Amino acid sequence: MTTVLIDGNNFYASCEQAMDPALRERPLVILSNNDGCVIARNSKAKSLKISMGQPLFKIRGTLESLGVEIRSSNYALYGDMSRRFMTLLKDHCEELEIYSIDEAFAKVKRPASKDLHLWAKNLRTLVYQSLGLPIAIGIGTNKTQAKIANHLAKTIAHHAGLFDFEVVHNSEYWLELIAIENIWGIGPKLAHWCRMKGIKNALQLRDMPSSQLKAKCGVVGLRLQSELKGISCLPIITKQKKKKETCVSKSFKHSITSLNHLKQAIATYTVLASEKLRKQQQFAGTITVFIRTSSFTPSFYSQSATERLNMHTNDTSILLATSLRLAEKVFQPNHLLRKAGVIMQDLINNDYLQLHLLQKYSCEKESRRERLMQTIDKLNKRYGRNTVTWATCGLNPKWSMRRDYLSAAATTQLTQIPIAKA
DNA sequence: TCTGGGGTCCTAGGACCC
DNA sequence: TCTGGGGTCCTAGGACCC
């Protein structure tokens, strides 16, 4: 069995293009939450040298003069496209690890001919025909090699979206082409450290003294180096691990200075976080609420408060009572708050709660509350988020996220289905 | 004026135990 | 002035990922 990494090219941009094919002919960028900065670009935008992470307010003029299309991020659409994408992949791989919204590791059997070109070509065609998404496929003996192969599949044009590390003869040549910054597991700090030591590419990293790497970044570095040498250290994880904590946090459209607005925001995030817990079939034992001002000003201020619950729960009302109390505790007037969040911690799973549940179900009030939560979740799933919510969240609050360039929830809302013109 | 959100893993160091 | 050895658990902080 060999390891592959399959991912969607320019995933968010490709999702937008799949729903509005006219965008394929135009340069296109996707913005982060709150329309903050560029987080995805299609190939036309890339060729105009629009770089990742640029704040919109700095490049708005340039984008306009170049005729670049802009979209706010539409996670309802990307999440649903991702689900469809992964479903297709599951049918064509032996094992699948969904690694992120747009990529998956998998195990694939190599045919007698050793040649996986046909398999890859068919998969690329299937995904494009079914979803309109272009993908790249990297093949190697382990995850790190598959990642590198995937990078080459995208950068070497004539490889047509596929690179098989196990069948190339001159692997050292290809490793040397991979800049140190582009290696999976090497972030900005480590890349800088490597450059200082004269290590500029994957080949040099593979061959540098292990002791130095161990001293700098522990076993993580050693594992990475071993994988470059062809030894598998990182397993494919097919069963999704239960989360240890879950967080909802967002920046505000305008700075918040009143306790009332902060409580609306914290309530809104708590409602979402509780919904997440129920979806994950988990219960929180601890809640943290945090607030912060803009990290781009010298007077940066941040504060958090934590409270342990008497009993683990995923009941929105109980969690709300606690998080609103924490909001009052952390609130400071005279600070221009830009961001706040709620973290659910000390999570336990359904099965660990059996004893509690027995107690709970013996209590009519508790089981009625469980049914109430289930009903609210169902209504919101069917008729859209916030169909039923809590009044403390506020109605159309002024601080809520900016999304000026939002496309339709074309695959998840009946009212927003695209209309084909004859 | 305006700069994302949600995670994981690892390590060091302190508190505490016998 | 001098003060053991071996262990666990927890937390904070740093690094990384997409």
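Only this structure's heavy atoms are used, side chains among them; waters, hydrogens and symmetry mates stay out. Lettering of chains follows the sequences in order, A, B, ..., and the numbering in each one begins at 1. The shown structure was predicted, so the numbers you read here are calculated from the model rather than taken from an experiment.
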| message | Taking 4.0 Å as the cut-off, does a side-chain nitrogen or oxygen of A:K147 come that near to OP1 or OP2 on C:dC18? | response |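 Looking at the OP1 and OP2 atoms of C:dC18, one of them is under 4.0 Å from a side-chain N or O of A:K147.
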
| query | Quick one: is B:dT3 close enough that its OP1 or OP2 comes under 4.0 Å of any side-chain N or O from A:S295? | reply | no

Among the candidates [options], find the nucleotide nearest to the side-chain atoms of [X].
X	options	answer
A:N33	B:dG6, B:dG4, C:dC18	B:dG4
A:L190	C:dC16, B:dG5, B:dT3	C:dC16
A:W184	B:dT3, C:dC17, B:dG5	C:dC17
A:S32	C:dA15, B:dG4, C:dC18	B:dG4
A:K189	C:dA15, B:dG5, B:dT3	C:dA15
A:K244	C:dA15, B:dG5, B:dC9	B:dC9
A:S251	B:dG7, C:dC18, B:dG5	B:dG5
A:K243	C:dC18, B:dG5, B:dT8	B:dT8
A:K241	B:dC9, C:dC18, B:dG6	B:dC9

Check every strand shown and say whether [X] touches a base, only sugar-phosphate, or nothing at a heavy-atom separation below 4.0 Å.
X	value
A:E245	sugar-phosphate
A:D35	nothing
A:K216	nothing
A:L31	nothing
A:I30	nothing
A:K276	sugar-phosphate

Rounded to whole angstrom units, what separation is found between the [atom1] atom of [X] and the [atom2] atom of [N]?
X	N	atom1	atom2	result
A:D102	C:dC17	CG	P	14 Å
A:I256	B:dT1	CD1	P	20 Å
A:K143	B:dC9	NZ	C1'	13 Å
A:Y75	B:dG7	OH	C1'	13 Å
A:L234	C:dC17	CG	P	13 Å
A:Q280	B:dG7	CD	P	7 Å
A:Y99	B:dC9	OH	P	11 Å
A:Q240	B:dG7	CD	C1'	12 Å

| Approximate separation, where rounding is to 0.5 Å, of A:F57 CZ and A:C37 SG | 9.5 Å

| query | Does atom NZ of A:K154 have more than 12 heavy-atom neighbours, drawn from other residues, nucleotides or ligands, at distances under 6.0 Å? | reply |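 Enclosed.
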
| Centroid distance under 5.5 Å and plane angle under 30°, A:F296 vs B:dT3 | yes

| Do A:K329 and A:E307 sit within salt-bridge range, that is, some charged N less than 4.0 Å from a carboxylate O? | no

| said: Using heavy-atom distances to pick each residue's nearest nucleotide on DNA chain B, tell me which of A:R338 and A:C247 is more 5'. | reply: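 The answer here is A:R338.
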
| said: Assuming nearest nucleotide by heavy-atom distance, tell me which of A:S294 and A:S249 is located more 5' along DNA chain B. | reply: A:S294

| task | Write down the atom of A:N150, the atom of A:I137, and the distance for their closest heavy-atom approach. | result | ND2-N, 4.2 Å

| What is the minimum heavy-atom distance between A:S323 and A:V289, and which atoms define it? | O-CG2, 3.8 Å

| message | Side chains of A:T288 and A:Q345 only: does a donor on one sit below 3.5 Å from an acceptor on the other? | response |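 A:T288 vs A:Q345: donor-acceptor pair found between side chains.
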
| P atom, C:dT3 versus B:dC17: distance in rounded Å? | 23 Å

| Partner of B:dC18 by Watson-Crick or G-U wobble geometry, both contacts under 3.5 Å, or none? | C:dG5

| message | Could you check whether any side-chain heavy atom of A:H312 comes within less than 4.5 Å of a side-chain heavy atom of A:D346, counting everything from C-beta outward? | response | yes

